[in-house]
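The next block holds one structure in the form of structure tokens; read it before the comments.
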Amino acid sequence: MTAKKFDYLINGDKSKWEVIIGLEVHAQVLSKSKLFSPSPTKFGAEPNTQVSLVDTAFPGMLPVINQFCIEQSIKTGLGLKAKINLNSVFDRKNYFYADLPQGYQISQYKNPIVGEGEIVLDMPYGTKKVGIERLHLEQDAGKSIHDIDPDNSYVDLNRSGVALMEIVSKPDLRSPEEVNVYVKKLRSIMRYLGTCDGNMQEGSLRADVNVSVRKVGDKKFGTRCEIKNVNSIRFMQLAIEYEARRQVELLESDKKVNQETRLFDTKKNATRSMRSKEEAHDYRYFPDPDLLPLKLEQSLVDKLKKELPELPDEKKERFIKEHNLSPYEANILVSEKEISDYYEEVIKKCDKKLATNWITVELFALLNKKNLSILQSPVSARNLSKLIKMITSGKISGKIAKDVFVKMQVDDKDAEQIVEKEGLIQQSDPKELEKIITKVISNNKDKVEQYKSGKEKLFGFFVGQIMKASEGKANPQLVNEILRNKLK
Amino acid sequence: MSNISEFSLTRIVSGIKKKDFTSEEVTRSFINNSKKSKKLNTYITECFDQAIQSAKNFDKKKDYKGLLSGVPIAVKDLFCTRNVKTTAGSKILHNFVPTYESTITSNLWSQGSFLLGKLNCDEFAMGSSNETSFFGNVINPFGQKLVPGGSSGGSASALAANLTPATIGTDTGGSIRQPASFTGTVGLKPTYGRCSRWGIVAFASSLDQAGPMTKNVKDCALLLQAMSGYDPKDSTSVDIKVDNYTSKLTEKIKGLKIGIPKEYTVDNMPNEIDNIWKQGVDYLIDAGATIKNISLPHTIYALPAYYIVAPAEASSNLARYDGVKYGHRAKGNNLVEMYENTRSEGFGDEVKRRILIGTYVLSSGYYDAYYLKAQKVRQLIKNDFDKAFTDVDAILTPSTPSSAFKIGDKKDDPVSMYLNDIFTVPVNLSGLPAISVPTGYDKNNLPLGLQLIGKAFDEQTILNLSLAIEKRANFNKKIKVWWN
């Protein structure tokens with residue numbers, strides 16, 4: 001594959017600008033109960049039904065750390081090849097809001113549970129390492145609802161206290177596409193680990209996007225703006241594009257970019273100012289005196305490390321080596337754990353190369369069209385494997401296989417049964433084929449003449465006629481061989 | 001049986017067991033006293049009807065298994081009690097009825113005790129005179145113009161006036177020991193982590209600790225035993241075995257080494273305080289202890305450090321009282337206005353002052369200079385004690401730099417009010433256990449207490465030393481009942 005060059009720059013009127021992006025991803029920890037209370041975390045429950053006295057901040061209530069959430073964040077840290085801090089501290093981030101019952105969010109400020117790590121991105125121009133600054137645990141807030149009643153706001157505290165991992169990248173990203181790949185890779189790692197379901201529609205994954213621009217060649221970063229709480233990759237990309245342009249326009253007309261927090265308006269596809277640096281909250285962070293510093297045993301970290309599943313990067317390497325895949329193919333197949341599982345199930349009993357093609361072309365087209373995940377695939381891995389096996393053994397042709405594949409999509413109907421019942425077995429008997437071929441040739445004598453006098457393109461025409469006559473069942477390889485001989 | 005209410009907790013427990021009197025007789029005796037004692041303003045909520053019902057139930061079942069079987073107890077209104085209004089002495093919680101019971105009160109009830117009522121206290125336990133309560137100040141039975149101390153002033157007065165056989169308070173900077181000293185009663189602040197904070201309205205989480213307030217040392221040992229223990233619901237609670245304080249209680253303290261810190265003195269401290277301290281030393285020598293002069297060099301920084309750490313935590317702990325979920329809510333045209341009105345109306349001046357101080361010291365740009373420095377000072381104070389305790393078994397100091405002062409005397413002078421905690425706050429900053437035991441009187445016949453500070457989780461030693469002092473001081477409460 002020829003390496004494309006990185007080319008995402010903003011062309012201003014005066015200069016070319018590089019876009020600098022850093023992401024703070026908020027990932028909901030996959031856990032049955034909240035970070036500091038035993039309340040359930042079920043999505044979509046009736047308002048205020050997943051709430052305890054702790055989540056509502058009743059007087060005298062105290063937080064007790066959920067050990068499972070701690071282990072989930074350690075696993076995530078290990079998956080990001082990051083340093084696990086054996087000593088970390090929970091702090092209070094103080095601010096008033098109606099859906100923040102305590103009047104503070106318990107978070108980690110100076111001493112997060114996970115330190116520096118990295119994520120490797122596969123870009124068309126090569127691999128790119130994006131640094132992870134830190135990962136810390138914090139509580140989610142509740143939800144304010146302003147559109148039920150004209151005079152009052154309503155508050156739903158179901159999310160209040162749910163555990164989030166805030167994963168902060170270094171300002172290493174340089175384009176909306178890199179952000180796309182970064183978020184997908186991060187989500188994939190967490191799904192492999194089972195630490196976050198990455199469901200953006202349900203708010204399990206959202207991000208604050210930091211954007212700044214600098215002239216190509218400049219070393220110093222420009223002033224950045226933070227776009228808060230963007231909840232889809234598409235919106236992140238649109239927000240970055242808009243924001244980078246806005247900053248370039250300001251700078252090229254000799255104005256300053258103000259450091260501020262902005263919001264992305266999904267209707268206008270534009271960002272707008274939310275609050276300036278001067279208006280920024282003073283969160284008055286201090287260590288939460290209700291919780292002791294979190295001390296981890298190295299043995300726990302070692303144990304979790306041992307139990308870590310194979311992650312996308314390692315799986316990719318293995319696929320390239322074991323299954324002889326190209327890096328591009330391997331990348332696609334490991335992008336989601338479920339896809340790689342599907343692939344490995346299929347290739348247990350059939351040709352790997354063919355399986356790769358069938359999955360990445362036919363199956364993906366089907367899933368895309370029906371908007372399904374691989375787990376919802378109408379064709380099971382075992383069944384697809386059977387189909388591919390019939391192709392390699394010569395029992396059916398690739399063309400027939402495509403028809404069979406369509407039929408398999410109804411109730412995952414068995415590939416072999418379809419072939420048997422509908423008599424689709426490939427015609428590979430040379431005598432039978434010769435009969436058909438002879439007939440086609442004698443019916444098209446004029447074309448034979450033309451072919452022989454140099455119009456070699458007509459070879460395809462004959463093949464077509466033969467396939468038609470055999471109802472598509474003729475073994476194409478044999479047809480080619482016999483036909484070539486006959487036309488000599 | 002009109003004098004039951006004068007009996008000690010221990011005597012009442014054994015009297016009920018021996019059937020000298022019924023639980024109902026005991027309960028009625030305290031209720032009668034309480035009803036006649038409205039002038040002291042000790043109760044915020046009376047639970048007299050339920051208490052009589054509980055007593056009757058007890059008398060029917062006669063289950064003597066608990067340490068406090070059949071005993072009614074009134075508690076500081078900082079402990080959340082199921083279905084009983086819990087105000088923390090504040091307007092902002094004037095209508096708050098918890099659906100849950102604090103671990104400490106649960107522990108008492110599971111030892112056979114039941115609730116007599118909720119006792120007045122400084123608002124959110126912020127105060128040293130019980131003058132900051134939304135429900136009015138409490139009067140010290142030692143004199144109608146005297147404060148009972150604070151913040152557990154309602155508890156101390158009720159105990160001294162025989163309105164409850166014993167009580168529990170909370171101590172963040174001296175809120176048990178100082179009122180105990182002012183009312184001639186015994187008050188103990190346990191080691192931080194000994195008693196659960198779950199269900200206690202929080203003031204300053206790293207300092208708050210519940211403790212017993214009783215008429216004598218033996219009662220104190222009994223009540224401490226009933227309330228102590230590990231609680232998985234409080235992450236700062238410590239899983240260390242609770243001693244059998246009563247069975248190990250002894251005045252035989254021969255050979256114990258007692259430290260006398262030279263820093264525990266203030267300008268213009270009355271001679272009487274020094275004298276009572278010397279008296280305490282003599283009592284302990286008489287009981288066989290040896291005395292050693294020690295130094296706790298960072299003591300002078302304890303009060304300023306305390307008045308940074310405690311308000312900082314309070315400013316955050318009290319953020320939840322915003323009118324959104326429970327308690328007082330004022331009207332407002334928008335959320336911020338509702339917050340402002342609710343908190344302006346709901347909190348009193350002292351609470352507001354501390355929220356302001358706390359917010360200030362945590363603000364960016366000031367954090368390092370105040371909060372962080374205060375935490376460093378706190379560590380130095382701890383180190384002082386650690387070092388001292390390599391050589392001594394306990395430390396003896398005065399409990400307070402004065403006897404009970406007059407109502408209104410310090411109300412408008414917060415610094416002079418704060419100075420009243422000067423001997424008690426170092427203990428909270430260090431997390432150590434300490435007890436105030438009544439030892440004598442000043443020239444105005446007002447009680448004075450001495451403070452014994454122990455090693456972490458060694459409540460037994462300071463109880464034993466207190467017993468030795470108590471036996472020798474032969475402290476008699478010189479209270480004339482003037483308030484009926």
Side-chain angles (χ1 to χ4, degrees), chain A residues 35-38 48 51-67 89-106 109-110 141-142 144 146 151-155 157 160 277 280-295, chain B residues 78-80 86-88 93 96 98-100 102-103 124 193 196-202 204-208 231-238 309 312-313 315-327 334-336 338-339 343 358-367 371-372 375:
Chain A
L35 184 52
F36 297 111
S37 86
N48 297 312
V51 172
S52 72
L53 294 166
V54 175
D55 312 318
T56 340
F58 270 71
M61 292 301 102
L62 298 171
V64 176
I65 189 94
N66 177 344
Q67 180 65 22
V89 174
F90 284 99
D91 298 279
R92 292 186 183 176
K93 180 181 180 178
N94 295 283
Y95 66 95
F96 283 92
Y97 203 62
D99 55 26
L100 187 75
Q102 295 167 136
Y104 55 84
Q105 175 195 35
I106 305 178
Y109 183 49
K110 283 186 185 157
S144 293
H146 303 294
D151 299 321
N152 293 294
S153 289
Y154 285 73
V155 175
L157 295 179
S160 166
K277 193 185 173 192
H281 290 300
D282 181 351
Y283 289 119
R284 291 172 282 122
Y285 282 101
F286 76 108
D288 190 332
D290 285 333
L291 293 161
L292 300 171
L294 180 64
K295 292 197 189 310
Chain B
L78 213 64
F79 294 88
C80 289
T86 300
T87 69
L93 286 175
F96 176 63
T99 57
Y100 49 95
S102 79
T103 299
F124 284 101
S196 169
R197 295 184 296 112
W198 193 88
I200 304 173
V201 176
S205 309
S206 75
L207 301 160
D208 293 347
D231 180 5
K233 289 190 287 188
D234 173 1
S235 307
T236 61
S237 164
V238 179
V309 173
E313 293 182 10
S315 71
S316 176
N317 280 338
L318 269 58
R320 65 189 55 199
Y321 307 108
D322 57 6
V324 174
K325 307 164 293 278
Y326 46 75
N334 53 51
L335 183 66
V336 172
M338 190 279 279
Y339 282 158
R343 291 168 67 84
T359 304
Y360 180 81
V361 299
L362 288 176
S363 297
S364 86
Y366 300 97
Y367 180 88
Y371 183 78
L372 204 61
Q375 290 294 4

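Note on naming: letters A, B, ... go to the chains in the order of the sequence lines (proteins, then strands), and numbering restarts at 1 for each one.
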**Asked** Rounded to the nearest 0.5 Å, how far does CG of B:Asp234 lie from CG of A:Leu291?
**Response** 9.5 Å
**chain A contact via B:Asn334 - side chain, backbone, both or neither, heavy atoms under 4.5 Å** = neither
**Message:** Using modelled atom types and a 3.5 Å cut-off, is there a donor and acceptor pairing between side-chain atoms of B:Ser235 and backbone atoms of A:Pro63?
**Reply:** yes
**Item:** Which atoms of B:Ile200 approach chain A - backbone, side chain, both or neither, heavy atom under 4.5 Å
**Value:** backbone
**Fill in**
Counting heavy-atom pairs under 4.5 angstrom with chain A, the leader among B:Gly327, B:Gly199, B:Ala312, B:Gly323 is B:Gly199
**Prompt:** Would you call the rings of B:Tyr100 and A:Phe58 parallel, tilted or perpendicular if under 30° counts as parallel and over 60° as perpendicular?
**Reply:** perpendicular
**Asked** Residues in salt bridge (Lys or Arg N to Asp or Glu O under 4.0 Å) with A:Asp91, at least two apart?
**Response** none
**A:Asp290, part contacting chain B, at a heavy-atom distance under 4.5 Å** = both
**Message:** If I measure from the heavy atoms of chain A, does B:Val201 come under 4.5 Å with its side chain, its backbone, both, or neither?
**Reply:** both
**Message:** When you measure from the side chain of B:Lys325 to the backbone of A:Pro101, do you find a donor-acceptor pair of N or O atoms at a distance under 3.5 Å?
**Reply:** yes
**Request:** Give the ring-plane orientation class for B:Tyr339 versus A:Phe96, where under 30° counts as parallel, over 60° as perpendicular and anything between as tilted.
**Result:** tilted
**Item:** Residue part contacting chain A, namely of B:Pro232, when any heavy atom lies under 4.5 Å
**Value:** backbone
**Asked** What pairs meet the side chain to side chain donor-acceptor pair (under 3.5 Å) rule with one or both residues in residues 358-367 of chain B, with sequence neighbours excluded?
**Response** none
**Prompt:** Measuring heavy-atom distances to chain B, does A:Tyr285 have an atom under 4.5 Å in its side chain, in its backbone, in both, or in neither?
**Reply:** backbone
**Request:** Applying side-chain contact (heavy atoms from CB on, under 4.5 Å), run through A:Arg92 and B:Asn317 and close with a yes or a no.
**Result:** CA-CA 10 Å; A:Arg92 292 186 183 176; B:Asn317 280 338; 2.8 Å; yes
**Prompt:** Would a distance-only check, ignoring hydrogens and angles, find a side-chain to backbone donor-acceptor pair under 3.5 Å from B:Tyr321 to A:Pro59?
**Reply:** no
**Request:** Would you mind checking which part of A:Leu157 comes under 4.5 Å of any heavy atom in chain B, side chain (CB onward), backbone (N, CA, C, O), both or neither?
**Result:** neither
